[in-house]
Amino acid sequence: STAAPPSQKQLGGSEDVEAGSQLVVNNPPTAAATLTAAHAFDAGTGPATTAAPRSTAAPPSPQQLAGWEDVEEPSGLPAAASDTGGDGIAAASSAAAPNPDTSIDSGKPQVARRRAAGDWVEGALAGTASLAGEIEKCLAVSSGIHRRRDKRRLRAAPDSTSDLPATARQHEDHTTLEHSSGILGGSFEVPARESGRRLSDEELNERLTSWKCIEAHGSQRSVHRGKRMACHFKNLYFVPFRREGIFVVHVLKNTVDVGVFLHDTVSLGVTPGFSDQPVKLEIATHGSLKEFGRSLENEGPLKEHKGLTVVFCPVYHFNIGHAIWDGFYPAFVSMLQFGEADTPANALMMSKRDKGIVKTVKGGYDNSEAAYQKIAGLELLTIEQFENSTKDFKSVHRLEQAIMGIGTNAQKLDVNANFSLGACRDLDACRAFRNRIFKIMNLEPPKPARVTEPFRTIIIDNKRYGKGNAMEAITEKLKADKALEGFDIQFVSWSPHKDGDRNDSPLQSGNFTRHMEIIGSTDVHISGPGTAMMYQAFLPDGAVHVNLGINKAMDQGFMEEYVAEGSPHLKALYYPRRGLNSPGLDVGALKKLILKAGELLKQGWSADKPTPIGANLSPVGQVYKAYTWLAHREKYRSALRKGLLPLRTVTGEMWMGNRFPEEFVYNGLPNHGKKAAPDLCLLGALRASFDANFPKLGDKEGIGWFGTGGQLPEKGSRRQRRLMGVPERLRRRYLKRRRRRRHLN
């Protein structure tokens, strides 16, 4: 470096650093800049298909991308807004115009705009949807309940611990800060360095730690201390043999401001208990460069890791869906904020494998960690690697550059009130993530989805629809249908092929690279929920995702639909309402879905008219989102309007844990179990309102998706009491006790 040393403000992260100084960090890109730089595609075809015309368009503005700018109704939107009946289109809109003051999503300035889909939720919030009066009655009755719940939550989990003393050596279970001198020692294993030669002052100065920290993208509610921060370091040190791994920052005394580490939180992710996982960070201060040099000579060898390293702590990463979207993706969002979206990096994984799961899920961890290495681009580093290697474990590791600190952008662990995927709309992070993966793996970037036949269609094997060849047999029936001649339909199994299971096919591969090649050339993506469909965000622009839902009739739902809702470059369709005696998958229903997907593809997709907010939600997701906003509008209105609010910070009845909205929205209906504790009055009114707007979406004409026919039960009836939150067994117990008291008197 020939540039002048950085100032104290620059070293402390409070001022930009010019190129050539100790730390070079680009300003976070705007959505428009990201799109312009990373998403310009040439017309052409995917890797495995003959040439076909493709749509091209200018990149969207940041306002359009987030859904906060007036846009004309895109021709490629799901047609569920017109309530066409049993063709499986699930997004919904209301005839009533939304009120701009109650319009929701993304935290952008409120402006009047027209919504092409998802308007039923807007109407419910604005008080213009069907049965709006009944909804308000329920809110008036139950608001006290929600206030009491909020008070209990606040007593159990205070929002901030910023009042803790800044001089404390350890802040409970939060970021560990210890001011000490001469912590680390050892000699640098650098080829250019001669044996026995001490480092010069210039070399030592180059090895001091510097950083720049910014607010991590996402919500800032319920933070351990201050705000959630993302930091870009130069010369971050990691010591695996101390306290199960600890990071150390080396600075000279009175030269930098370390307040960001004292008053804010640097999180590595979310724990299995759905709380932030603060990093263990130690600050080592030295009186002089000579003192710093002596500390480097006192202990074991130092191992250097060149280039950029991204630090994260995934959970459940034996599952590729969790590994990508709850593990690497939130860390990638921080990389995107620092302008490092396409930079090859080392991946430093701070979590260990679960020994019990290793025995039952063979190869799961191996597959996910191999994918991590491919997505990162350089070396995969893990705590277990360090522990299993005496040399690595006893060494101090110097990360030349590192990005550490994660916001609330995980898919399941940070599921939010909008039932969307964090940063995919605000920062266009899903498309940027897709482009990184294809670029760093030297794959051809996906071209926009085809607008003329033949449309490449894949049907993905899914355990929820039986083992064996059930879905493969359905695929063969669809391929033989002359009405679907314009679709090149293929069956795909992401699991590795085993001899004797099925005939060999190039599509059946456990190889992550091959998976991306298949996804990158797909126009119509058909899958049941769960791990099998978690590649959907990597589809080409304008592609159609068809969610088959879980194989149930009573509590029919679609699980991870927030991925489609958070992907404005996709259009989502949902399997229609099943009847009690209907098969899990009906060939006729699938045929209608595929033909509808073809219509959407022919209409094209334009990047300046992304899929609107709410358009990719099913009826289950629509009602769940409306309930979340209305039930908690008193306490969380400001936070809800400010950005995507993780439900783990709300708790109460919204605490989903490892469950999904279908286990919530059907509560109180006949023949449905009680799997959550919602406000049944409000939930019942919302279901009836939705069915009143869309009576054709049910398995029978006129009853709607939830079977209410748009009507609330008669006042005083058993069903009405259930919907009002008074279980029949409790009512009977109360009446029996009252009769007994009267008899005694």
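With 3.5 Å as the limit, one finds no donor-acceptor pair spanning the side chains of Tyr237 and Glu282. Checking Asn319 against Thr531 by side-chain atom types alone, a donor-acceptor pair falls below 3.5 Å. A donor and an acceptor atom, one from each side chain of Thr265 and Lys227, are nowhere located under 3.5 Å apart.
Looking at heavy atoms from C-beta onward, Phe312 lies out of side-chain contact with Pro330 at the 4.5 angstrom threshold.
Separating the OH atom in Tyr316 from the NE2 atom in His322 is a distance of 7.0 Å, to the nearest 0.5 Å.
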Handout entry: Criterion salt bridge (charged side-chain N to carboxylate O under 4.0 Å, His left out) on Asp354 and Lys359, from CA distance to verdict
Key = CA-CA 9 Å; Asp354 186 294; Lys359 297 178 181 178; over 6 Å; no
Exercise for the section: Run the numbers on Tyr535 and His525 for ring pair (Phe, Tyr, Trp, His ring centres under 6.0 Å), then give the verdict. Expected result: CA-CA 10 Å; Tyr535 289 152; His525 177 267; 8.3 Å; no
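A centroid separation of 6.0 Å or more is found between the aromatic rings of Tyr575 and Phe558. Checked against a 6.0 Å centroid threshold, the rings of Phe247 and Trp211 do not count as neighbours.
Checked options Glu565, Glu662, Glu561; the residue passing with Ser618 is Glu561 (criterion: side chain to side chain donor-acceptor pair (under 3.5 Å)).
Asp428 has no carboxylate O lying under 4.0 Å from a charged side-chain N of Arg434, or vice versa, which leaves the two without a salt bridge. Comment: Lys306 engages Glu304 in a salt bridge, judged by a side-chain N to carboxylate O separation of less than 4.0 angstrom. Electrostatic pairing of Lys303 and Asp392 counts as a salt bridge here, judged by a charged N lying under 4.0 Å from a carboxylate O. With respect to Arg648 and Asp276, a salt bridge is recorded, a charged nitrogen being found less than 4.0 Å from a carboxylate O.
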